[in-house]
S.K.: 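Take this structure, written in C-alpha cells, and hold onto it; I'll ask about it next.
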Amino acid sequence: MWMKKRYVLDNGGEQYTAEVATHRDGRIAVKLDDGGPRDVDACWVQNGRALSLRVDGRMHLIDLTATGQRGGLAATVNGRHLALTVMDELRALAQRSVESTVAGGTVAAEIPGVVVSLAVTAGQKVHQGDAMLVLEAMKMQNEITAPVTGTIDEIRVEVGQSVSTGDVMVMMTAEVGG
Amino acid sequence: MWMKKRYVLDNGGEQYTAEVATHRDGRIAVKLDDGGPRDVDACWVQNGRALSLRVDGRMHLIDLTATGQRGGLAATVNGRHLALTVMDELRALAQRSVESTVAGGTVAAEIPGVVVSLAVTAGQKVHQGDAMLVLEAMKMQNEITAPVTGTIDEIRVEVGQSVSTGDVMVMMTAEVGG
Amino acid sequence: MSERKITKVLVANRGEIAVRVIQGLREMGVRTVAVHSTPDRTALHVLVADEAYEIGPAPAAESYLRGDVLIATAKACGADAIHPGYGFLSENAGFARQCEAAGIVFIGPRPETIDLMGNKLSARHKMLESGVPVIPGTEAAVRDPEVAKKAAAEIGYPVLLKAAAGGGGKGMRVVREPAEIDTALRQTMGEAKASFGDDAVFIERYIENPKHIEVQVLGDGEGKVIHLFERECSVQRRHQKVIEESPSPSLTPELREAICSAAVRTAESVNYLGAGTVEFILSQDKEFFFLEMNTRLQVEHPITEMVTGTDLVRAQLRIARGQGLPYTQDELRQRGWAIEFRIYAEDPAKNFMPAIGRINSHIAPSGPGVRVDSGIYEGFDVPIYYDPLLAKLIVWGEDRPQAIARGRRALMEYTLHGPGHNIPFHLWALERPRFIAGTYTTNFIDERFDPAEFQDPLPDDDREALLTAAALWEARRREAVRTGDSPASTPSAWRLDARRRMTGNS
Amino acid sequence: MSERKITKVLVANRGEIAVRVIQGLREMGVRTVAVHSTPDRTALHVLVADEAYEIGPAPAAESYLRGDVLIATAKACGADAIHPGYGFLSENAGFARQCEAAGIVFIGPRPETIDLMGNKLSARHKMLESGVPVIPGTEAAVRDPEVAKKAAAEIGYPVLLKAAAGGGGKGMRVVREPAEIDTALRQTMGEAKASFGDDAVFIERYIENPKHIEVQVLGDGEGKVIHLFERECSVQRRHQKVIEESPSPSLTPELREAICSAAVRTAESVNYLGAGTVEFILSQDKEFFFLEMNTRLQVEHPITEMVTGTDLVRAQLRIARGQGLPYTQDELRQRGWAIEFRIYAEDPAKNFMPAIGRINSHIAPSGPGVRVDSGIYEGFDVPIYYDPLLAKLIVWGEDRPQAIARGRRALMEYTLHGPGHNIPFHLWALERPRFIAGTYTTNFIDERFDPAEFQDPLPDDDREALLTAAALWEARRREAVRTGDSPASTPSAWRLDARRRMTGNS
C-alpha cells in the first residue's frame with residue numbers, strides 16, 4: 001500500500017517534479033521526473049535540521065532550513081548552497097502563467113542602507129549593468145546596476161533616503177528582446 | 001506595577017527560594033532568600049538555550065536544559081555542571097515531609113547493563129561502600145556499593161539479568177544514626 | 001623599561017577579534033571587560049567577557065568610536081589597559097594619547113608612531129629616509145580634481161586614489177583615465193570622510209597585477225625588533241582581503257630575507273613598540289615597495305601564529321607590560337603552511353553585497369589543523385551597522401597542497417545558514433588553477449571570478465539527493481502541520497523502517 | 001617496496017577516530033567508506049563518509065568485529081584498503097592476514113608484528129633479546145589461582161594481573177595481598193574473555209606510583225624507523241587514560257633521548273611497518289621499563305601531531321602505499337606543549353560510571369590553539385554498546401603553563417548537555433598542584449580525586465546568577481505553557497526592556 005504525493009521544486013527557474021511514495025511498512029520511494037522510482041534510506045539528523053540520505057551506498061548529507069518566503073528552502077549539499085522553492089503542482093502552474101505576462105521589473109534594496117547618489121532619471125534608457133544609484137550599507141558604497149536593458153519608469157527614492165530590505169527603489173520596463 | 005512569582009530551587013538537597021518580579025515596563029527584579037531585590041539585565045541567547053545575565057556589570061552565561069524529570073534542569077555556569085529541581089512552594093513542602101519519614105532506600109541501575117555477580121544476600125548487614133554486586137555495562141565491570149550503612153531488605157535481581165536505567169536492584173534500610 | 005601591572009583589560013572592539021582577544025587575555029589570568037553598543041548586548045564578545053558595559057547606540061561613531069566613553073568606562077571599572085583590536089580606534093593616535101593621559105595602558109604602539117604611520121605621506125617620507133623602497137606618487141594630499149588630474153598625468157596612468165587616513169582596504173580607487181578622476185575623487189573623499197573623519201586623499205602609481213605581501217613584526221620600543229615572516233594577502237575584493245596564506249608561495253628564500261629585513265628596518269626606524277604589520281606590494285618582476293604599516297593586530301594574524309607557533313595577543317600583552325620581546329629572531333621558524341578564509345555575510349553572486357539576518361545554523365568545522373575564530377552563534381542576529389566579518393576559518397597543513405585540501409575539507413564541513421555568506425566563493429577559489437599554482441595576484445577576483453560559475457549544474461548524484469531531500473522536507477512539513485508535531489520529532493518512524501529494510505529483516 | 005594504489009579506503013571503526021580518519025583520507029583525495037552497526041546509522045562517521053554500509057546488529061561482536069563481513073563489504077564496494085582505527089580489529093593479526101589474502105591493504109603493521117606484540121609474553125621475550133628493559137614477571141599465562149599465588153609470592157607484592165591479549169587499559173587489576181588473588185583473577189579472566197576472546201592472564205611486578213610514558217614511532221617496514229617523541233599519559237582511571245600531554249614534564253633531555261632510542265630499538269627489532277606506539281612505565285627513580293607496543297594509531301595521537309607539526313593518518317597512508325617515511329628524524333622537533341582531554345560520557349562523581357543519552361547541546365570550543373576531534377553532534381543518541389568516548393579536546397600552547405591555561409579556557413567554553421560527562425573532572429584536575437607541577441603519577445585519580453570536591457559551594461556570584469537564571473527559566477517555561485509559545489521565542493520582550501533600562505531611555 002503506497003501513499004503518493006507530488007511536489008514541484010524550483011531552483012532558480014528550473015523546475016523539477018518529485019513524487020514521494022511512503023509504504024505502510026515504512027519504506028520510502030522517491031521518483032524524480034527524469035528517472036524511475038528509487039528506494040531511499042533517509043534519516044533526519046542534527047535535531048531535524050539535516051537529512052542523511054543513502055542511495056546505493058552513497059551518502060549525502062543535506063542541510064535544510066526554511067527561509068522566510070512561502071515554500072522557500074535553503075539547502076547545502078557538498079559545500080554548494082542553493083535556494084529552492086517547494087510548491088505543489090497547482091501553485092507551480094499559476095506561477096508560470098504570471099511570469100509569462102510580466103515584461104517589466106523592480107529594483108529593490110537587498111540590504112538596508114542610505115541612498116548616496118542617483119545616476120538615472122525617469123524615462124531614461126539604460127543598458128543591463130549601467131549604474132543607477134549608490135547605496136551605502138555596512139560602511140561600503142554599493143553601486144546598484146540595471147538588471148536588464150530597458151527604460152526607467154519611476155525612481156522611488158531620493159538622495160539621503162534610508163531604505164529597508166525589499167523597498168522598491170526603481171521601477172523599469174525591459175526592452176522587448178533585450 | 002510589579003508581578004511577583006516565587007519558586008523553590010533544589011540543588012542536591014539544599015533549597016533556595018527565588019522571587020521573580022516583572023514590571024509592566026519590562027524591568028525584572030530577582031530576590032533570593034538571603035538578599036534584597038536586585039535588578040537584572042537578562043537576555044536569552046543561543047536560541048533560548050542559554051541566559052546571559054548582567055549584575056552590576058558582571059557577566060554570567062548560564063546554559064540551561066530541561067532534564068527528563070519533573071522540574072529538572074541541568075545548568076552549566078563557568079564550567080560547573082549542576083542538576084537543579086525547580087518547584088513551587090507547595091511541592092517543596094510536600095517533598096520535605098516525605099523525605100523525613102523515609103529511613104531506607106533503594107539502589108537502582110544508573111545505566112542499562114547485565115548483573116554479573118552478587119556479593120550480598122537479603123538480611124545481610126552492610127557498611128557504606130561495601131560491594132553489593134557487579135554490573136557490566138559498556139564493556140566495563142562496574143562495582144555497585146552500598147550507599148549507606150544498614151541492612152539489605154531485598155535483592156531484586158539475579159546474576160545474568162539485564163537491567164534498565166532506574167530498575168531497582170536492591171532495597172535496604174539505613175541503620176539509625178549510620 | 002619598567003614593568004607595568006596589567007590585570008584587567010577593557011577590549012574596545014566587537015566581533016571575532018574581541019572574542020579572540022578576550023580568550024587570549026583570559027589564558028593569561030587577566031580579567032576581561034567587554035563594551036558594546038545597544039544592539040550588541042547579545043553579541044558573542046559580550047557573552048564571554050567577565051564584565052560588560054554599554055557605551056552607546058548602534059552607530060559606531062556614537063559607541064565604539066567614543067574614546068571618551070571608553071576611557072571613562074575603563075576608569076570606572078578599574079581596568080589598567082585598553083586593547084583596541086583592529087579597526088575602530090586601533091590606529092587613532094589621539095585616543096592612544098588620551099589613554100596615556102588617563103593613566104591607562106594603550107596596548108599598541110606610541111601615539112607618535114601611529115601618527116607617523118597613519119598618515120601615508122609622512123610614512124612615505126620616513127621610508128624614503130630609511131632606504132625602504134616606496135611607490136612613486138604625490139607628496140601631499142589632493143582635494144581638487146584639477147590638481148589630481150595634473151598629478152596623475154605626471155605619475156602616469158593607471159593611478160590609485162587612496163585616503164591618507166585609510167586602512168583595511170577602505171577608501172581606495174583605481175583610475176585608468178582622466179575622465180574618471182572627478183567621480184572617483186569625490187567617492188573616495190566621501191568614503192574617507194565617513195570612515196576616518198578625514199577626507200585627505202593622495203595619488204600614486206598603480207602597480208598592475210601586483211601581489212600583496214606583508215610582514216609581521218614585534219618591537220620592544222627600546223630598539224629591538226623581530227619579524228615573524230610574511231603573509232600573502234593577494235585574494236581581495238573591493239581592495240579588502242578575503243583569503244590569506246603564510247608563507248607566501250611567491251617568495252624565494254632570498255626575497256623573503258630581503259622583504260623581512262626591509263620590514264624590520266621600517267619598524268626600527270620608528271623604534272616600534274608592540275605588534276605591527278608592514279605591508280608591501282610585489283610587482284610581477286619581483287620588485288617590492290612599501291605600502292603602509294598597520295600599527296595594530298591584523299585580521300589575518302592567526303596564520304602567522306599557526307606557522308610560527310606563537311601567540312600574538314600574548315606577545316602584545318607582554319610587551320605592553322614592559323616584559324620585552326617573548327621570542328628571539330633565532331627561535332622563530334616557519335613550519336608548514338596556513339591559510340585563512342574570512343567568512344563574510346555577503347553574497348558573492350551579487351558583487352559581494354553585504355547580507356544580514358539571523359544565524360539559523362552554525363556548526364563550525366573541527367579536527368586536525370583547523371582553527372575557527374568566530375564572533376557568532378546560533379540565534380545571533382547579524383546587525384547591519386558593522387563590518388560583515390562573521391568568523392575566520394584558519395587551516396594548517398604540513399605543506400601547501402595539504403593546507404588547500406584541508407581548507408576544502410573544512411569549508412565543505414562548515415554549516416552556516418541564515419544570512420548569505422561567501423563559503424561558496426572560497427570553495428570556488430580553491431579550485432582555480434591560478435590559486436593552486438600560487439600565481440594569483442590582487443586582480444584574481446576581478447579577472448577570474450564569474451558568479452555564473454556558482455550556477456554550474458550540480459553533479460547528477462548531488463542534484464538527485466538534493467531534490468529528494470527537498471521533497472522529503474516538504475512531506476515532513478505537511479505531516480507536522482497536520483499532526484501538530486514539531487517537524488524534528490516526526491521522522492523517527494522513517495528512520496526505523498529504513499533501517500529495518502536495509503538489514504532485510506522486514 | 002613497490003608502490004600500491006590506494007584510492008578508496010574502508011574505515012572499520014566508529015566514533016571520533018573514524019571521523020578523524022575519514023577527514024584525513026579525504027584531504028588526500030581518497031574516497032572514504034564507513035561501516036556501521038544498525039543503531040549507528042545516524043552516527044557522525046556515517047554521515048560524513050562518501051559511502052556507508054550496514055554490517056550487522058548493535059553488539060560489536062556481530063558488527064565491528066566481523067572481519068569476514070568487513071572484507072566482503074570492502075570487496076563489494078571496491079575499496080583498496082581498510083583502516084582499522086584503534087580498538088576493534090586494529091590489533092587482530094588474523095584480520096590483517098585475511099585482508100592480505102583478499103588482496104586488500106591492511107593499513108597497519110604486518111600480521112607477524114601484531115601477533116608478536118599482541119601477546120605480552122612474546123613481546124617480553126623479544127624485548128629481553130633486544131636489550132630493552134622489561135618489568136619482572138611470569139613468562140607464561142596463569143589460570144589457576146594457586147599457581148598465581150605462588151608466582152606472585154616469588155615476584156613480590158603488589159603484583160599486577162594483566163590479560164595477555166589486553167590493551168587500552170582493559171583487563172588489568174592490582175593485587176596487594178594473597179587473599180585478593182582469587183576474585184581478581186576470576187574477574188580479570190572474565191573481562192579478558194569478554195573483551196578479547198582469550199582469558200590468558202599473566203602476572204608482573206607492580207611498580208608503585210609510576211608514570212606512563214609512550215613514544216610514537218613510524219617504520220617503513222624496510223628497516224628505517226623514526227620516533228616522534230614522547231607523550232605522558234599518567235592521568236588514568238580504571239587503568240584507562242583520561243588526560244595526555246606532550247612533551248612529558250618528567251623527562252630530562254637525556255632521559256628523553258634514552259627512552260626514544262629504546263622505542264626505536266623496539267620497532268627496529270620487528271622491522272616495524274606503519275605507525276605504532278611503544279609504552280613505557282617510568283618509576284619514581286626514573287627507571288623505565290617496556291610495557292607494551294600498540295601496533296596502531298593511538299587515541300592520543302593528536303598531541304604528537306600538534307607538537308611535531310605532522311599528520312599521522314597521512315603518514316600511515318603514505319607508508320601503506322609503499323612511499324616510505326614522510327619525515328626524516330632530523331626534521332622532527334618538539335614545539336610548544338599539547339594536552340588532550342578525553343571527553344567521556346560518564347559521571348566522575350559516581351566512580352566514572354558510563355552514561356548514555358541524547359546530546360541536547362554541543363558547542364565545541366574554538367579559537368587559538370584549540371582542536372576538537374568529535375564523534376557526536378546535537379541530536380545524536382549516544383548508544384550503550386560502545387566505548388563512551390564522545391570527543392577529544394586538544395589544546396596547544398607555547399609552553400606548558402599556557403597549554404594548561406588554554407585547556408581551562410576551552411573546557412569552560414565547552415557546552416555539552418545530555419549524558420553526564422567528565423568536563424568537570426578535567427577542570428578539577430587542572431587545578432591540582434600535582435598536575436600543575438607535572439609530578440602526578442598513574443595513581444593521581446585514585447589518590448587525589450574526591451568527588452565531594454565537585455559539591456564545593458559555588459562562589460556567591462555564580463550561585464546567585466545560577467539561581468536567578470533557574471527562576472527566570474521557570475518563569476519563561478510557565479509563560480510559554482500559558483501562551484502556547486515555544487520557550488525560545490518568548491523572552492525577546494525582556495531583552496528589549498532590559499536594554500532600554502540600561503541606557504536609561506525608559
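Lettering of chains follows the sequences in order, A, B, ..., and the numbering in each one begins at 1.
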S.K.: Could you state the interatomic distance from CZ (Arg54(B)) to OH (Tyr53(C)), rounded to the nearest 0.5 Å?
M.R.: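 Between atom CZ of Arg54(B) and atom OH of Tyr53(C) there are 8.5 Å.
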S.K.: Please round to the nearest 0.5 Å and tell me the distance separating atom CD of Glu51(C) and atom CZ of Arg58(B).
M.R.: 5.0 Å
S.K.: For residues Tyr377(C) and Val45(B), determine if any side-chain heavy atom of one lies less than 4.5 Å from a side-chain heavy atom of the other.
M.R.: yes
S.K.: Go through the atoms of Asp56(B) and report whether side chain, backbone, both or neither lie under 4.5 Å from a heavy atom of chain C.
M.R.: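 For Asp56(B), the contact with chain C is made by the backbone alone.
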S.K.: For residues Cys43(B) and Arg41(C), report the shortest heavy-atom separation together with the two atoms involved.
M.R.: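 That closest heavy-atom pairing would be SG-CG, 3.5 Å.
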S.K.: With Met59(B), which of Val46(C), Asp50(C), Val33(C), Val48(C) fulfils side chain to side chain contact (heavy atoms under 4.5 Å, CB included)?
M.R.: Val46(C)
S.K.: Grab the two heavy atoms, one from Asn47(B) and one from Gly379(C), that are nearest each other, plus how far apart they are.
M.R.: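 Shortest heavy-atom separation between Asn47(B) and Gly379(C) comes out as OD1-CA, 3.1 Å.
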